[in-house]
Amino acid sequence: MAEQLMTVYGGKKVVIVGLGLTGLSCVDFFITRGVTPRVMDTRTVPPGSDKLPDGVECHTGSLNEQWLLDADLIVASPGIALATPELQAAADAGIEIVGDIELFCREAIAPIVAITGSNGKSTVTTLVGEMAKEAGWQVGVGGNIGIPALELLKKPCQLYVLELSSFQLETTYSLKAAAATVLNVTEDHMVRYPQGVSQYRAAKLRIYDQAKVCVVNEQDVLTLPESGKDSRCVSFGVDNVGVDSGEYQLDSRHQQLRVNHAPVLSTRDMRLAGQHNYTNGLAALALADAVGIPRAASLQALRTYSGLEHRFQVIHTRNGVRWVNDSKATNVGSTQAALSGLKLEGTLYLLLGGDGKAADFTPLKPYLSGSNMRLYCFGRDGDQLARLCPEISILTETMEQAMRDIAPRLVVGDMVLLSPACASFDQFNGFEHRGHEFARLAEELG
């Protein structure tokens, strides 16, 4: 591939909005290019402020509108909405506003696999990275997961695999992905997207702009490009309803992954569990095929990859009872995915609750029926969730109270599943904290 010319930033007045790991990576990026940026953060003591190099001005506690209006280029953290009045004023003044992913795309030489979706994107991103590593490729995996994208530029790579959020895509213009996917679109972050799912989806679909191959979900029309399926599209889906399920199919009857109807792997040979994870595997395989990762390496990675922490992770099994940590299910769609196709001999004790982020919970209702299910609802929006199916719901204040109530009732064949359909910040420091607490209590109570 021909070498890409680096963008020249010399002499530009650059302002970085938002610190943390990503903000620090942006500071480092500009300093290595001979530009000393200014930094601001709305937090009084933002993470990473103690690691700023000497000579970098830093404004904290608010946005400094004068700095923004004096800038030639603003690099905004994905956590800061472009609709924020200070950023809107800068945009109205004609000042360029980008994110760290845009900076990365201007510099990257190797092909990029770009992955977004409401759910499953971290699993698919990591899995494509494992497929490339299995093939012996030098691969950089990061973006919205793990390593900030700009840090990946520091080592030679044959392939970049990026997880991208809708927030990151809002400020990205130069992405020309070798393969891109929107895995699914379900209601999330509605506080950020007051116009609803259509506005959220539009941000996600930016990933297809200039993409060579688009991997779409055959069973989710919202994952198609705005103009519909085109010659760039390949699709994945579940072949359990006698309709077209795409080139990459889960044969649910024989529990096989298939490509163009030819079996390539039995789900029994995979360490990942659950129908949603099998379709994640299909999406990863389609992306890997699109960029030329040898199929044998990809299938071997599918055999050995055991998944990410807090994502439908069986963390404890004793006396025939499984305790499953799906704390990363911070929205309704993720919990729907966890429940879809789930088969049990005994009773499912489902832990729901937290901060619903103004979401509509009613799409969950069809998944919450049957004599072998009990709902334990907790946290800020626990009462809303309990009202979905009051006849099988118990309302508690905390997750721990719910788990202590469940433990004495368990018998062989039962499952305790934390898949809360909500964010965690009402009672925890994040979904990881919630998941670790669930794991700790499962060990104690199991």
Using a 4.5 Å cut-off on heavy atoms from C-beta on, say whether the side chain of Tyr278 contacts that of Gln255. yes
Where is the tightest heavy-atom contact between Leu164 and Ala114, given as atom of each residue plus distance? CD1-CB, 4.0 Å
Under the salt bridge (Lys or Arg N to Asp or Glu O under 4.0 Å) test, residues paired with Asp92 that sit two or more places apart: none
Only one of Gln249, His254, Arg253 passes side chain to side chain donor-acceptor pair (under 3.5 Å) with Asp251; say which it is. His254
For Leu24 against Gly48, the heavy-atom pair lying closest together: CD2-O, 3.6 Å
Under a 3.5 Å distance rule, please check whether Thr223 uses its side chain to pair with a backbone N or O of Val216 as donor and acceptor. no
If we only count heavy atoms from C-beta on, is the Arg232 to Pro225 side-chain gap below 4.5 Å? yes
Find out whether the Lys NZ or Arg CZ of Arg33 is both under 6.0 angstrom from the six-membered ring centre of Phe29 and within 45° of the ring's axis. yes
Distance-only criterion, 3.5 Å: show the donor-acceptor pairs between side-chain atoms of residues 126-147 and protein atoms not counting sequence neighbours.
from   : atom 1 : to     : atom 2 : distance (Å)
Thr126 : OG1    : Ser122 : O      : 2.7
Asn144 : ND2    : Glu163 : OE2    : 2.7

To the nearest 0.5 Å, tell me how far Ile392 CD1 sits from Leu375 CG. 4.0 Å
Measure across Phe236 and Thr181 and return the closest heavy-atom pair with its distance rounded to 0.1 Å. CE2-OG1, 4.4 Å
Separation between CZ (Phe431) and OG (Ser327), nearest 0.5 Å, reads 7.0 Å
Short question: side chain of Asp209, backbone of Tyr173 - any donor-acceptor pair under 3.5 Å? no
Flag side-chain contact, heavy atom, 4.5 Å: Asn119 against Asn331: yes
Arg303 with Asp269: basic N within carboxylate O range, under 4.0 Å: no
Where does the angle between the aromatic ring planes of Tyr9 and Phe30 fall among parallel (under 30°), tilted (30 to 60°) and perpendicular (over 60°)? perpendicular
Is there a side chain to side chain donor-acceptor pair (under 3.5 Å) between Tyr305 and Thr123 once you walk through the steps? CA-CA 10 Å; Tyr305 180 66; Thr123 296; 4.8 Å; no
Do the side chain of Arg201 and the main chain of Leu222 share a donor and acceptor less than 3.5 angstrom apart? yes
Taking CZ in Arg258 as the centre, count heavy atoms belonging to other residues, nucleotides or ligands within less than 6.0 Å. Is the count above 12? yes
Please confirm whether the backbone N or O of Val238 pairs with a side-chain atom of Gln219, one donor and one acceptor, at under 3.5 Å? yes
Please evaluate residues Gln427 and Arg434 with respect to the criterion side chain to side chain contact (heavy atoms under 4.5 Å, CB included), reporting the C-alpha separation (whole Å), side-chain torsions for both, the decisive distance (0.1 Å), and the verdict. CA-CA 8 Å; Gln427 295 183 336; Arg434 178 171 63 190; over 6 Å; no
Distance, nearest 0.5 Å, that separates OH of Tyr349 from CG of Leu344: 11.5 Å
CA sep, side-chain torsions, deciding dist, call: Arg387, Gln384, side chain to side chain donor-acceptor pair (under 3.5 Å): CA-CA 5 Å; Arg387 284 199 295 271; Gln384 254 186 279; 5.4 Å; no
Should Leu250 and Thr267 count as side-chain neighbours, where that means a heavy-atom distance under 4.5 Å? yes
CD-OG distance between Gln336 and Ser419, expressed to the nearest 0.5 angstrom: 10.0 Å
Flag the pair Leu152 / Leu162 as yes when at least one side-chain heavy-atom distance between them is below 4.5 Å, and no otherwise. yes
If you measure from CG on Leu308 to CG on Asn277, what distance do you get to the nearest 0.5 Å? 9.0 Å
Heavy-atom check, side chain of Val17 versus side chain of Glu86, under 4.5 Å: no
Which atom names give the shortest non-hydrogen contact between Asp360 and Pro363, and what distance separates them? O-CD, 3.3 Å
Which atom of Leu364 lies closest to which atom of Thr335, heavy atoms considered: CD2-CG2, 3.8 Å
Side chain to side chain contact (heavy atoms under 4.5 Å, CB included) evaluation trace for Met40 with Cys58: CA-CA 5 Å; Met40 66 179 71; Cys58 184; over 6 Å; no
Does Val234 reach the side chain of Asp289, with side-chain heavy atoms less than 4.5 Å apart? no
Rounded distance [0.5 Å steps], CG in Asp326 versus NE2 in His310: 11.0 Å
Is there a donor-acceptor pair under 3.5 Å between the side chain of Glu102 and the backbone N or O of Val98? no
Between the side chain of Asp381 and the main-chain N/O of Asp355, is any donor-acceptor distance below 3.5 Å? no
Quick check: does any side chain N or O of Asn217 sit under 3.5 Å from a backbone N or O of Leu183, one acting as donor and the other as acceptor? yes
Which is it for Leu159 and Ile293 under the side chain to side chain contact (heavy atoms under 4.5 Å, CB included) test, yes or no, and what are the steps along the way? CA-CA 10 Å; Leu159 181 72; Ile293 296 173; 4.1 Å; yes
Within the distance-only criterion (no hydrogens, no angle test), does the side chain of Thr125 pair as donor or acceptor with the backbone N or O of Lys121 below 3.5 angstrom? yes
Worked check of side chain to side chain contact (heavy atoms under 4.5 Å, CB included) between Cys389 and Met373: CA-CA 11 Å; Cys389 299; Met373 183 179 283; over 6 Å; no
Contact summary for Tyr248 and Leu282, nearest pair of heavy atoms: O-CD1, 3.8 Å
Student check: side-chain heavy atoms of Leu339 and Leu417 closer than 4.5 Å: yes
Would a distance-only check, ignoring hydrogens and angles, find a side-chain to backbone donor-acceptor pair under 3.5 Å from Asp41 to Pro46? no
Do other residues, nucleotides or ligands put more than 12 heavy atoms under 6.0 Å from the CG atom of Leu21? no
Do the ring planes of Phe312 and His276 sit parallel (below 30°), tilted (30 to 60°) or perpendicular (above 60°)? perpendicular
Using modelled atom types and a 3.5 Å cut-off, is there a donor and acceptor pairing between side-chain atoms of Glu107 and backbone atoms of Phe104? no
